[in-house]
Amino acid sequence: MAQPDDDIALRVQALEQALVAKGLVDPAALAAFVDAYENRIGPKNGARVVARAWTDPAYKARLLENGAAAIGELGYGGLQGENLVVVENTADTHNLIVCTLCSCYPWPVLGLPPVWYKSPAYRARAVKEPRAVLKEFGLDLPAEMQVRVWDSSAEIRYMVLPRRPAETQHLDERELAAMVTRDGMIGTATI
Amino acid sequence: MAQPDDDIALRVQALEQALVAKGLVDPAALAAFVDAYENRIGPKNGARVVARAWTDPAYKARLLENGAAAIGELGYGGLQGENLVVVENTADTHNLIVCTLCSCYPWPVLGLPPVWYKSPAYRARAVKEPRAVLKEFGLDLPAEMQVRVWDSSAEIRYMVLPRRPAETQHLDERELAAMVTRDGMIGTATI
Amino acid sequence: MNGIHDMGGMDGFGAVVPEAGEPVFHAEWEKRMFAIAAAVPFALPFADDHLRREIERIPPVVYLGSSYYELWYHAIMALLAERNAFSPAGPQGANPPLQADAVDAAILAGATTRMAAPHAVARFQPGDAVVTRNINPHDHTRLPRYARGRHGAILRNHGTFSFADSNARGDGPSPQHLYAVRFTAQELWGPDASRRDDLVLDLWDAYLEPAS
Amino acid sequence: MNGIHDMGGMDGFGAVVPEAGEPVFHAEWEKRMFAIAAAVPFALPFADDHLRREIERIPPVVYLGSSYYELWYHAIMALLAERNAFSPAGPQGANPPLQADAVDAAILAGATTRMAAPHAVARFQPGDAVVTRNINPHDHTRLPRYARGRHGAILRNHGTFSFADSNARGDGPSPQHLYAVRFTAQELWGPDASRRDDLVLDLWDAYLEPAS
């Protein structure tokens, strides 16, 4: 397994050098992109959005009305989230996000997607047998709950607004945000 | 490229030895199967069937009515041809055989299929863009001719009866058979 | 199952490239693998439906990276494992191996899947308009994805045959009528396809519904 | 195109397996490849539609055997070749490279594909019954195979967006209305699917016809 990895590493290095030589990229800008997505843009952003929506009904209404604008209020937005739609889990409906044709994902709120989200297994199966996939994530939904899958294969990026857990009245927004997982905002977990 | 080949060669050898040890196959029987399909059962059989149909109208009628029975008259039949249907090319219609789900093929008359017939490219494309595939075989059919594709994915095996070329009245059945190609009986050639 | 084997209508595989010389076999192991697949069912009966089921279970990246006889190797191994062929107690209920002098007769006898089915009703007659069902079973089926939920017409009734879907999943042959069904190229591939061309696919009764 | 990338509804890929620890990147080259793909379009403009078109052209066996950033490598190389980026005369019409201190602002600005389209007519309203067209283009499309020729209902009009099919094949953005369209699970996957579940797919106006 080491061989192909080494090979692609060399080829990417050569590509970067050629692009720099041609004046098409600045190595420092590459480092800035990596830093942004490795250290700042990730599911913590989405968790803050969710906690705000749980604690501020007016914000929640704005979030469901125009997701992109509402995450902008918290300073998030841009690449792969320009047209964000937030879909709400309810007592009756559980939402699940996938992109079958590639791996579209709401970067500003969730960061870069995990490997499994990009895997053929998830892309192939989430649309046809979402309940079987959810079971593998430990989520066995009752038959009377509707599962709605969002195949975000075009220009909209989706994020799930999970249901606020019971008995969390005593928690503040920051404590609530700490409860929210990335999988909860994809739909492969309830929170 | 040698490595995987050597590997499968070893594994097949081991499999054969295990099967012999368990009394499930006789090595001499394996050799007999190979001999039959390498040396006797091949497109020459189909060519004889075609030439007979071209020269004997009553045989042709029987061939189109019940392909399996008619090839049996010439001593052919059995495995992968138990239910053979022969389809006739006409001035209006050109036929093409494929099996998209695996590589079903009329063994008694054509022998074992060539590699390209089993390839993803042929299986994927013959049903959707038969004319483009035929062009790659050098066959550019006029737009006014109908192309009918037979996807033989179930229990029937198909063979094409090509059109007898013009100006072959002087040829006898054996000479005609020598003109018939395997591709003509698949439909990727006219004869 | 909607596996990689169900590739009718896919793009991306490039040109169809005939090979030079086209030998029947390319190596000694291909000969032996072919013959093993031909001979084993005489000792340990299995149907093509079972071989295909196992071929279809091969992971897509292995499937696409393998030659045809390599796929047969994987499938035969799976079938042999299923029958415990290599366990110390050996396989149960095996017949004696086919002998060399019986091979030609065995080839000529074949192994038809045509079966009498006195209770099977032919729901369709030649000329009838039909629509294929949109089924997506996890198990083996011979209704390809490109022909699901599509309108066609019965061209011919081939008679009654063992039903691959049932047989492959171990529920017995359950024979039923098999029809040649004609579809226009435009019905299958849309308005950019030729208006003149068509396609014929053999489909079992259970795959079809009457079209209004 | 009906490439291997269009895998919605396929079987055979096994279980969904989350990896331990889930690092954002797994190697230095993944970081650089991601950043190259993010940075290059500021110098040599291309749209995601073009990147996707090139990813989809990767042969299936390579596609399935590659990690996601390897696919990006192949696609970026193809786009750079198309623009003659590495020819002696260099690429034509390139902008200066994005500077490090402009990266955060560039990320936040994004690159929306939403476009005004004063002449685009919304043929459908929320609640309208529609049927997807059965198109099978050789080029890039965002209408997956599993949703062709299927009946659904308009859930929402997202507004007008650059049309991926047109943009990817170099015919310009041709913006048109994009709708969220709801399909029942049974419509997509047949009677064995849940009667309760459904799926929403974003589809451009050109993919849809009114359903009677």
Side-chain angles (χ1 to χ4, degrees), chain B residues 5 8-9 11-13 15-16 18-19 22-26 28-34 36-38 41-42 77-79 81-83 100-103 111-112 114-116 118-125 127-128 130-131 133 136-137 143-144 146-156, chain C residues 5-10 13-19 22 24-25 27 29 31-36 38-40 43-44 52 55 64 68 70 73 85-86 90-91 94 97-100 103-104 107-114 142 144 146 158 161 164 178 189 194 196-202:
Chain B
D5 251 28
I8 182 73
R11 284 184 287 156
V12 172
Q13 212 169 25
L15 170 59
E16 179 178 336
L19 290 167
K22 281 289 184 185
L24 294 171
V25 302
D26 166 19
L30 299 186
F33 270 113
V34 171
Y37 285 96
E38 198 168 29
I41 302 175
L79 287 180
E82 300 91 344
N83 300 284
T100 58
L101 295 177
C102 40
S103 304
L112 299 179
V115 171
W116 63 257
K118 300 182 280 188
S119 71
Y122 185 70
R123 290 163 52 190
R125 296 175 59 208
V127 287
K128 183 160 80 98
R131 288 172 185 269
V133 170
E136 291 176 16
F137 277 90
E144 62 271 20
Q146 181 190 34
V147 175
R148 173 168 285 184
V149 179
W150 300 79
D151 184 358
S152 59
S153 288
E155 307 306 297
I156 311 300
Chain C
H5 72 282
D6 186 356
M7 51 180 63
M10 278 185 74
F13 290 114
V16 179
V17 184
E19 81 182 312
E22 295 197 331
V24 176
F25 299 107
W29 72 265
K31 299 183 187 184
R32 306 308 280 190
M33 190 61 238
F34 164 74
I36 287 168
V40 165
L44 270 187
R52 293 192 188 113
I55 289 179
L64 290 179
Y68 209 72
E70 284 179 281
Y73 171 82
F86 298 139
L98 185 71
Q99 297 300 307
V103 165
D104 282 350
I107 290 172
L108 205 56
T112 189
T113 51
R114 190 185 289 277
R142 304 300 281 180
Y146 75 80
H158 291 300
F161 288 81
L178 179 74
W189 310 112
S194 158
R196 193 158 311 214
D197 298 347
D198 60 12
L199 179 143
V200 181
L201 185 59
D202 293 322

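On a predicted model such as this, the values are computed, not experimentally measured, just so you know. Numbered from 1 within each chain, the chains take letters A, B, ... in sequence-line order.
Between Trp189(C) and Val127(B), the shortest heavy-atom contact is NE1-O, 3.0 Å. When all heavy atoms are compared, the tightest approach of Lys128(B) to Gly9(C) is CE-O, 3.1 Å. The two residues Arg125(B) and Val16(C) have their closest heavy-atom pair at NH1-N, 3.7 Å. Considering all non-hydrogen atoms of both residues, Trp29(C) and Ala9(B) come closest at CB-CA, 3.6 Å. Here the closest heavy-atom approach between residue Ala121(B) and residue Ala15(C) is recorded as CB-O, 3.5 Å. Heavy-atom minimum distance, Ala43(C) versus Leu24(B): CB-O, 3.3 Å.
The contact between Val40(C) and chain B is made by backbone and side chain atoms together, counting heavy-atom distances below 4.5 Å. The part of Val24(C) that comes within reach of chain B is its side chain, from C-beta onward, which places non-hydrogen atoms under 4.5 angstrom from that chain. With a threshold of 4.5 angstrom between heavy atoms, Ala31(B) approaches chain C through its backbone and through its side chain. Contacts of Glu16(B) with chain C are made by both backbone and side-chain atoms, with heavy-atom separations under 4.5 Å. Contact of His5(C) with chain B is made through backbone and side chain together, with heavy-atom distances under 4.5 Å. Using a 4.5 Å cut-off between heavy atoms, Glu22(C) touches chain B through its side chain atoms alone. With a 4.5 angstrom heavy-atom cutoff, Tyr37(B) touches chain C via backbone and side-chain atoms both. When heavy atoms are compared at a cutoff of 4.5 Å, Ala18(B) approaches chain C by way of both its backbone and its side chain. When heavy atoms are compared at a cutoff of 4.5 Å, Leu101(B) approaches chain C by way of both its backbone and its side chain. For Leu98(C), the parts lying under 4.5 angstrom from a heavy atom of chain B are both the backbone and the side chain. For chain B, no part of Ile55(C) is nearby; none of its heavy atoms comes within less than 4.5 Å. Using a 4.5 Å cut-off between heavy atoms, Ala109(C) touches chain B through its backbone atoms (N, CA, C, O) alone. Interface remark: Phe161(C) contributes side-chain atoms only to the contact with chain B (heavy atom separation under 4.5 Å). At a 4.5 Å heavy-atom cutoff, the contact between Asp104(C) and chain B is made by side-chain atoms alone.
Taking chain B as the reference chain and counting heavy-atom pairs below 4.5 Å, the highest number among Arg32(C), Arg52(C), His158(C) is found for Arg32(C). Each of Cys102(B), Ser119(B), Ala143(B) has some count of heavy-atom pairs under 4.5 Å with chain C, and the biggest count is that of Cys102(B). Options Ile41(B), Asn83(B), Val25(B), Leu19(B) differ in how many heavy-atom pairs under 4.5 Å they form with chain C, and the most are formed by Asn83(B). Your options are Thr112(C), Leu201(C), Ile107(C), and the one with the most heavy-atom pairs under 4.5 Å with chain B is Ile107(C). Between chain C and the options Ser153(B), Pro120(B), Pro130(B), the largest number of non-hydrogen pairs under 4.5 Å is found for Pro120(B). Contacts with chain C were tallied for Val147(B), Val34(B), Val115(B), Leu79(B); Val147(B) has the most, counting heavy-atom pairs under 4.5 Å. Considering only heavy-atom pairs separated by less than 4.5 Å from chain C, the leading option among Ala29(B), Gly42(B), Ala32(B), Ala124(B) is Ala124(B). Across Ser103(B), Ser152(B), Gly111(B), Gly81(B), the residue that shares the most heavy-atom pairs under 4.5 angstrom with chain C is Ser103(B).
Using modelled atom types and a 3.5 Å distance limit, the side chains of Asp198(C) and Gln146(B) yield a donor-acceptor pair.
The pair Glu82(B)-Arg114(C) fails the salt-bridge criterion, with no side-chain N (NZ, NE, NH1 or NH2) lying under 4.0 Å from an Asp/Glu carboxylate O.
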Apply side chain to side chain contact (heavy atoms under 4.5 Å, CB included) to the pair Val200(C) and Arg148(B), showing each step before the final yes or no.
CA-CA 7 Å; Val200(C) 181; Arg148(B) 173 168 285 184; 3.8 Å; yes
Go through the steps to decide whether Lys31(C) and Leu30(B) satisfy the test side chain to side chain contact (heavy atoms under 4.5 Å, CB included), and finish with yes or no.
CA-CA 8 Å; Lys31(C) 299 183 187 184; Leu30(B) 299 186; over 6 Å; no
Please test Arg11(B) against Tyr73(C) for side chain to side chain contact (heavy atoms under 4.5 Å, CB included), starting from the C-alpha separation and ending with a verdict.
CA-CA 9 Å; Arg11(B) 284 184 287 156; Tyr73(C) 171 82; 3.4 Å; yes
Kindly determine whether Asp151(B) and Tyr146(C) satisfy side chain to side chain contact (heavy atoms under 4.5 Å, CB included), including the steps that lead there.
CA-CA 11 Å; Asp151(B) 184 358; Tyr146(C) 75 80; 2.6 Å; yes
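Two residues are said to be in side-chain contact when any heavy atoms from C-beta on lie closer than 4.5 Å; Trp116(B) and Glu19(C) fail this criterion. Looking at Leu112(B) and Phe25(C), their side chains come closer than 4.5 Å, going by heavy atoms from C-beta outward.
Take Ala164(C) and apply the side chain to side chain contact (heavy atoms under 4.5 Å, CB included) test, not counting sequence neighbours, and it matches Asp49(C), His140(C), Arg142(C), Trp204(C).
Separating the CD1 atom in Ile36(C) from the CG atom in Leu15(B) is a distance of 4.5 Å, to the nearest 0.5 Å. Distance OG1/Thr113(C) to CD/Glu155(B): 3.5 Å, rounded to 0.5 Å.
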